[in-house]
Amino acid sequence: MRLCDWLLKPRNRVVTSFDQADHAAHWLIDQYDAACPSFHLPDQEAKIGREHRHEGAAEALPGGTDIQWGFHLKGERFASMGVVCCPNRHAPGYECPAGR
């Protein structure tokens, strides 16, 4: 599945929407912070780190690059978080679920 295919899902599957890429990057890092205490291997994640992820998202999103992060959590769970740009350069014909 391509990340842009999330734009085909029902609007009620969209958690939130942003007009500015920096707001989306901040939201994404907030989701990361919420999941952080449950990381299965926090030392491995520390090698990449919060700041590097935030800088990468803040750099990529204004250029229309979708972001997807996934983490194994304690208790054999998995957290997935992402931001899909709309309009999307990989699927220019897809409508934006937020009506933009």
Side-chain angles (χ1 to χ4, degrees):
M1 181 174 148
R2 301 177 307 167
L3 286 178
C4 61
D5 289 341
W6 270 92
L7 298 174
L8 298 174
K9 293 189 180 284
R11 187 174 181 193
N12 65 358
R13 298 289 308 269
V14 176
V15 173
T16 190
S17 181
F18 302 96
D19 290 324
Q20 297 182 15
D22 62 328
H23 295 171
H26 285 291
W27 175 85
L28 191 57
I29 208 66
D30 287 345
Q31 302 307 300
Y32 173 90
D33 289 342
C36 201
S38 298
F39 287 164
H40 178 65
L41 299 171
D43 292 341
Q44 280 189 329
E45 176 50 34
K47 292 177 185 176
I48 297 172
R50 179 188 192 278
E51 293 309 312
H52 180 73
R53 287 187 180 280
H54 188 223
E55 289 171 10
E59 207 173 281
L61 287 170
T65 300
D66 302 329
I67 304 290
Q68 181 71 34
W69 298 338
F71 308 97
H72 289 280
L73 304 176
K74 297 172 187 170
E76 297 184 16
R77 296 175 300 139
F78 190 82
S80 178
M81 55 201 71
V83 174
V84 179
C85 299
C86 195
N88 194 283
R89 64 183 177 173
H90 299 291
Y94 287 8
E95 291 186 24
C96 298
R100 292 196 169 88

Spacing of CD1 belonging to I67 relative to CD belonging to E59, to within rounding of 0.5 Å:
10.0 Å
Nearest heavy-atom neighbours spanning V14 and P97:
CG2-CB, 3.7 Å
Shortest non-hydrogen contact between K74 and R77, atoms and distance:
O-NE, 3.0 Å
Parallel, tilted or perpendicular: which describes the rings of H26 and H54, with under 30° parallel and over 60° perpendicular?
tilted
Looking at NE2 of H23 and OG1 of T16, how far apart are the two atoms once the value is rounded to the nearest 0.5 Å?
11.5 Å
Determine whether L8 and V84 fall in the same hydrophobic cluster, where Ile, Leu, Val, Met, Phe, Trp and Tyr are linked whenever their side-chain heavy atoms lie under 4.5 Å apart.
yes
Where is the tightest heavy-atom contact between L7 and C85, given as atom of each residue plus distance?
CD1-O, 3.9 Å
side-chain contact (heavy atoms from CB on, under 4.5 Å) assessment of F78 paired with L73:
CA-CA 5 Å; F78 190 82; L73 304 176; 5.9 Å; no
Over 12 non-hydrogen atoms of neighbours within 6.0 angstrom of CD in Q68
yes
Note: A25 and L61 closest approach over all heavy atoms is N-CD1, 3.8 Å
When every non-hydrogen atom of Y32 is compared with those of R53, the smallest separation belongs to CE1-CD, 3.5 Å
Heavy-atom pair with the smallest gap, counting every atom of I48 and H52
O-CB, 3.1 Å
Roughly how far, to the nearest 0.5 Å, is CZ of R11 from SG of C96?
10.5 Å
Go through the steps to decide whether I29 and W69 satisfy the test side-chain contact (heavy atoms from CB on, under 4.5 Å), and finish with yes or no.
CA-CA 10 Å; I29 208 66; W69 298 338; 4.1 Å; yes
Steps toward side-chain contact (heavy atoms from CB on, under 4.5 Å) verdict (Y94, D5)
CA-CA 8 Å; Y94 287 8; D5 289 341; 2.8 Å; yes
Between F18 and W27, what is the ring plane arrangement, given parallel below 30°, perpendicular above 60°, and tilted in between?
tilted
Count I, L, V, M, F, W, Y as connected when their side-chain heavy atoms are under 4.5 Å apart, and connections chain through other members. Are V15 and L28 then in the same cluster?
yes
